[in-house]
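The model shown is predicted, which means the values in this text are computed figures rather than measured ones.
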Amino acid sequence: MNRFCKKSFSKILSVLLISFVLIVSFSQYTLSGIVRAEETPSAEHVDTNIWGSGGQISFDLKGCSGYLTITVVVEFNADVKSPSGWGFDSYTANGKQVTAVVRADGPNSWGFNSNVGIQVDGSGLSSAQVVSVTGSGTYTAPANNNNNNNNNNNQNNQNNNSEARPEFSSPAVSTYGTVGDDWLTTDGSKIVDMNGNEVWLTGLNWFGYNTGTNLFDGLWNAELETSIVSIADHGFNLMRIPMSAELLLEWKNGNYPTANYNHAYNSNLNSLNSLEIFDYVLTLCEQNGIKVMIDIHSANTDASGHNHPVWYTDRISEDQYIEALKWIADRYKNFDTIVAFDLKNEPHGKASETPHAIWNDSNDANNWKRVAERAGNAILDINPHVLIVIEGIQIYPTNPASNNFTSTNDGDYYNTWWGGNLMAVRDYPIDFGDETRNRQIVYSPHDYGPLVYEQPWFSGGFTYDSLYKDAWYDYWLYIAEEDIAPILIGEWGGFMSGDNLKWMEYLRDLIGKDNLNHTFWCYNANSGDTGGLVKDDFKTWDEDKYALVETVLWKNDAGKFIGLDHKVALGANGISLSEHSGNAPTPVINPGSSSSDSGSGTASGSDTPAGNGTAADGSAGTDTSNASAVPAPADEAQAVQSTDGNPASPQTPAADNDSSANSGVLIALLTISVVLLIVVVILNVNKYHIRKLDNEFEERIKTEYKVSDQNTGTQE
């Protein structure tokens with residue numbers, strides 16, 4: 001029995017030894033490749049951008065390290081369809097909910113512990129929230145190869161955009177054009193360059209900097225460089241960029257709210273903060289011959305912020321609104337890609353509503369004339385060469401002599417579109433104090449069709465002549481036709497159907513007849529009231545809508561689009577302003593800042609991006625705009641810069657203590673294996689000696705039997 005136990009025990013130990021040897025061998029690969037999940041995944045810094053017929057929710061995924069799969073469930077207030085976004089591998093809609101999934105070994109593995117987003121279509125959407133974030137599985141990757149592969153993938157993404165990426169600085173400075181040769185002014189109802197040559201501003205709107213995206217909307221599915229190149233190639237020479245005063249103040253104070261975009265499609269933005277990305281946007285515009293008009297679309301950063309009727313809120317005061325304008329004017333005062341400031345989008349409100357914008361000679365807090373003059377002069381103190389674009393309000397008294405905005409009866413007022421009523425210019429024109437400054441004034445109405453709102457002049461049918469009489473001339477067109485000042489229609493556009501299409505064609509004809517300056521609303525596919533020039537993928541142009549607008553883009557007789565930059569041609573299908581006019585102005589450089597409170601989020605004198613306000617060589621950069629430099633903070637939203645200049649892989653590496661723990665486990669297993677080996681060797685040596693003694697004993701017995709047989713005969 002003892003011998004049987006010893007033999008069985010030896011076999012058992014041998015099996016255990018072989019198992020441990022296999023474990024130790026396999027663990028060289030598995031333990032170094034497993035990242036153990038030690039945190040609970042979560043969504044932080046949730047931002048929503050909802051516009052009725054669609055919506056977007058973005059957030060930072062945290063605590064994802066070590067999981068194979070992260071699943072996020074988001075719920076909207078109404079049923080949704082066509083889910084998409086950035087940072088996830090798949091999107092599934094089920095009623096009000098969207099389930100988005102990303103795998104650590106998938107194409108969007110960068111979404112782990114990064115900013116991600118979900119985009120939907122729907123009807124009546126007003127809110128969205130994150131319901132759950134869960135992690136499952138364990139992420140296993142080949143040892144020593146994972147980070148290299150990710151870096152190679154990131155390098156490939158970087159190279160995909162490298163040809164389109166120009167050198168740029170922060171703040172943006174003129175690199176492709178000539179500094180200070182493209183400023184504009186006015187002559188009666190015409191906008192002219194510094195040599196007096198008439199120009200025609202024919203542009204578009206692209207929103208997102210006002211909504212919380214902190215960048216253009218749509219870059220969750222499109223590439224920034226490709227989009228701007230396409231806008232230029234389609235002949236738009238001006239881009240109106242809606243922004244919030246709150247965002248500008250954040251930048252001024254050295255805070256950089258996260259820019260939401262598809263990090264895989266736009267990988268060369270990953271090392272930049274949101275202000276540096278804006279500088280890059282401006283550089284791309286200059287490179288492609290596009291000029292920019294900054295539009296304070298809302299005081300607060302809010303996709304619905306334009307609904308607030310005035311320029312101040314409970315979070316942003318009038319003084320802060322002025323401060324925001326002064327900061328951005330100072331930062332770019334010698335960068336003539338920015339040629340105009342639209343002081344405030346659509347001041348409005350009916351007489352019966354509180355608050356509402358008025359326009360008269362009073363010091364009322366809601367007097368838009370007073371505030372526009374204050375804001376315009378604040379900008380012109382810094383840069384006297386930019387255009388100051390001033391929108392109307394909503395109402396104007398039918399009898400100003402007896403009612404100087406004192407009545408609260410809506411019936412006592414002419415009522416039109418938000419920002420579309422410029423009747424007050426006849427009685428109370430904007431006055432900046434001297435004739436030279438007043439030549440920088442451009443008035444800007446907004447006008448829309450019946451699908452946006454059924455105005456009285458649409459009721460019972462309408463014609464070009466009836467619109468001219470009922471909706472255009474008295475409200476704003478008289479300013480251009482009486483040669484008071486130029487008109488720039490800041491927003492017009494809509495869906496191409498029914499009476500709305502008829503209205504668009506009529507306004508298009510008016511624009512073309514008088515060469516009225518305009519910026520079409522809008523490029524974005526996610527404009528609920530109007531749709532966009534591009535479709536839902538933010539890549540494919542709506543050819544029918546573009547064909548309508550193309551007829552009122554500035555072209556020469558040869559069909560070439562004409563840009564507003566004297567040196568840089570407008571896209572691949574255009575020419576420069578000097579090619580058109582035959583001459584170039586003498587450049588004008590603005591002197592040092594007269595604004596004591598203007599700051600700068602970053603400053604770099606190099607032509608390459610400097611992520612933390614330093615030049616490419618690591619030294620302190622030179623602020624070419626004369627703004628005071630504020631060091632960029634170590635923002636956790638910024639991607640880490642790798643030593644080769646490319647954004648580092650967003651994959652989270654294994655922590656040092658994990659590596660130490662794995663090494664300890666390996667040593668322990670090896671020690672156990674050695675001990676078991678010694679035990680097995682001892683047992684087998686003992687077994688060998690026992691077997692040898694058994695054999696000797698058997699031989700001795702056999703010998704004794706043989707001797708006995710020989711002595712006694714056959715043994716019974």
Side-chain angles (χ1 to χ4, degrees), residues 244-246 248-249 295-300 302 305-326 329 341-381 388-434 437-438 440-446 474-476 478-479 484-485 490:
S244 72
E246 182 177 7
L248 298 182
L249 292 173
D295 155 44
I296 303 299
H297 209 71
S298 58
N300 297 348
D302 186 346
H306 61 285
N307 291 324
H308 188 72
V310 292
W311 42 92
Y312 63 87
T313 67
D314 56 348
R315 300 211 310 259
I316 304 294
S317 67
E318 180 183 311
D319 286 345
Q320 289 174 310
Y321 156 73
I322 300 294
E323 179 186 355
L325 282 168
K326 289 170 65 177
F341 285 88
D342 186 341
L343 297 181
K344 174 65 180 74
N345 178 73
E346 298 180 352
H348 64 275
K350 296 180 180 179
S352 58
E353 298 172 340
T354 302
H356 62 269
I358 66 174
W359 189 317
N360 59 17
D361 56 355
S362 72
N363 287 320
D364 193 288
N366 296 325
N367 182 8
W368 175 229
K369 170 180 160 62
R370 176 189 64 80
V371 176
E373 289 174 347
R374 181 187 176 197
N377 271 320
I379 293 171
L380 294 174
D381 284 345
I388 305 298
V389 178
I390 303 162
E391 298 185 31
I393 55 176
Q394 182 179 350
I395 59 174
Y396 194 68
T398 56
N399 188 350
S402 62
N403 171 28
N404 192 9
F405 286 95
T406 54
S407 172
T408 58
N409 182 358
D410 292 336
D412 292 336
Y413 295 85
Y414 296 107
N415 188 349
T416 184
W417 299 106
W418 293 359
N421 196 326
L422 285 159
M423 301 175 89
V425 171
R426 190 182 297 280
D427 300 321
Y428 304 104
I430 296 295
D431 185 1
F432 290 139
D434 64 60
R437 286 197 171 192
N438 286 342
Q440 298 307 115
I441 295 171
V442 175
Y443 292 106
S444 181
H446 292 181
D474 288 336
Y475 284 122
W476 51 266
Y478 76 93
I479 296 172
I484 297 171

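- A pairwise comparison of heavy atoms in Ala245 and Ala324 identifies O-CB, 3.8 Å as the closest pair.
- Residues Val425 and Trp359 have side chains in contact (heavy-atom distance under 4.5 Å, counting atoms from C-beta outward).
- Side chains of Phe405 and Ile395 form a contact here, defined as non-hydrogen atoms less than 4.5 Å apart.
- Summarising the geometry, atom CG belonging to Asp431 is positioned 7.0 Å from atom CD1 belonging to Ile441; distances are rounded to the nearest 0.5 Å.
- Contact record, Gly392 with Pro347: O-CD, 3.4 Å, taken as the closest heavy-atom pair.
- In this structure the side chain of Leu248 reaches within 4.5 angstrom of the side chain of Ile296, judged on heavy atoms.
- With a 4.5 Å cut-off on side-chain heavy atoms, His446 and Asn345 count as touching.
- For Glu346, there are no salt bridge (Lys or Arg N to Asp or Glu O under 4.0 Å) partners at least two apart in sequence or on another chain.
- Partners of Asp314 under the salt bridge (Lys or Arg N to Asp or Glu O under 4.0 Å) rule, at least two apart in sequence or in another chain, do not exist in this structure.
- Within the 4.5 Å cutoff, no side-chain heavy atoms of Ile430 are placed close to those of Arg437.
- Under the side chain to side chain donor-acceptor pair (under 3.5 Å) criterion, Asn421 pairs with no residue, sequence neighbours left out.
- With a 4.5 Å cut-off on side-chain heavy atoms, Ile322 and Arg374 count as touching.
- In this structure the side chain of Trp311 never reaches within 4.5 angstrom of the side chain of Leu343, judged on heavy atoms.
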Are Ile484 and Tyr478 close enough, and set up right, to give a side-chain contact (heavy atoms from CB on, under 4.5 Å), and what steps lead you there?
CA-CA 8 Å; Ile484 297 171; Tyr478 76 93; 4.0 Å; yes
For Asp364 and Arg370, what are the C-alpha separation, side-chain angles and deciding distance, and is it a side-chain contact (heavy atoms from CB on, under 4.5 Å)?
CA-CA 8 Å; Asp364 193 288; Arg370 176 189 64 80; 6.0 Å; no
Full working for side-chain contact (heavy atoms from CB on, under 4.5 Å) between Phe341 and Leu380:
CA-CA 10 Å; Phe341 285 88; Leu380 294 174; over 6 Å; no
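- The two atoms that bring Tyr321 and Ala375 nearest to each other are OH-CB, 4.0 Å, heavy atoms only.
- Scanning for salt bridge (Lys or Arg N to Asp or Glu O under 4.0 Å) contacts around Glu353 gives an empty result, with sequence neighbours left out.
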For a side-chain contact (heavy atoms from CB on, under 4.5 Å) check, start with the C-alpha distance between Asn300 and His308, then their side-chain angles and the critical distance, and finish with the verdict.
CA-CA 9 Å; Asn300 297 348; His308 188 72; over 6 Å; no
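- Nearest heavy-atom pair, Val310 versus Ala357, reported as atom, atom and distance to 0.1 Å: CG1-N, 4.2 Å.
- Taking both residues in full, the closest heavy atoms of Pro309 and Pro355 are given as CG-O, 3.3 Å, listed atom of the first, atom of the second, then distance.
- Taking 4.5 Å as the limit, some side-chain heavy atom of Tyr414 sits within range of a side-chain heavy atom of Tyr475.
- Every salt bridge (Lys or Arg N to Asp or Glu O under 4.0 Å) that Lys369 has, sequence neighbours left out, goes to Glu373.
- Among pairs with a residue in residues 393-405, those fulfilling side-chain hydrogen bond (donor to acceptor under 3.5 Å, both in side chains) read Asn360-Asn404, Gln394-Asn415, Gln394-Trp418, Tyr396-Asp427, Asn399-Ser402, Asn403-Thr406, Asn403-Tyr413, at least two apart in sequence or across chains.
- For Ser362 against Asn367, the heavy-atom pair with the smallest separation is O-ND2, 2.7 Å.
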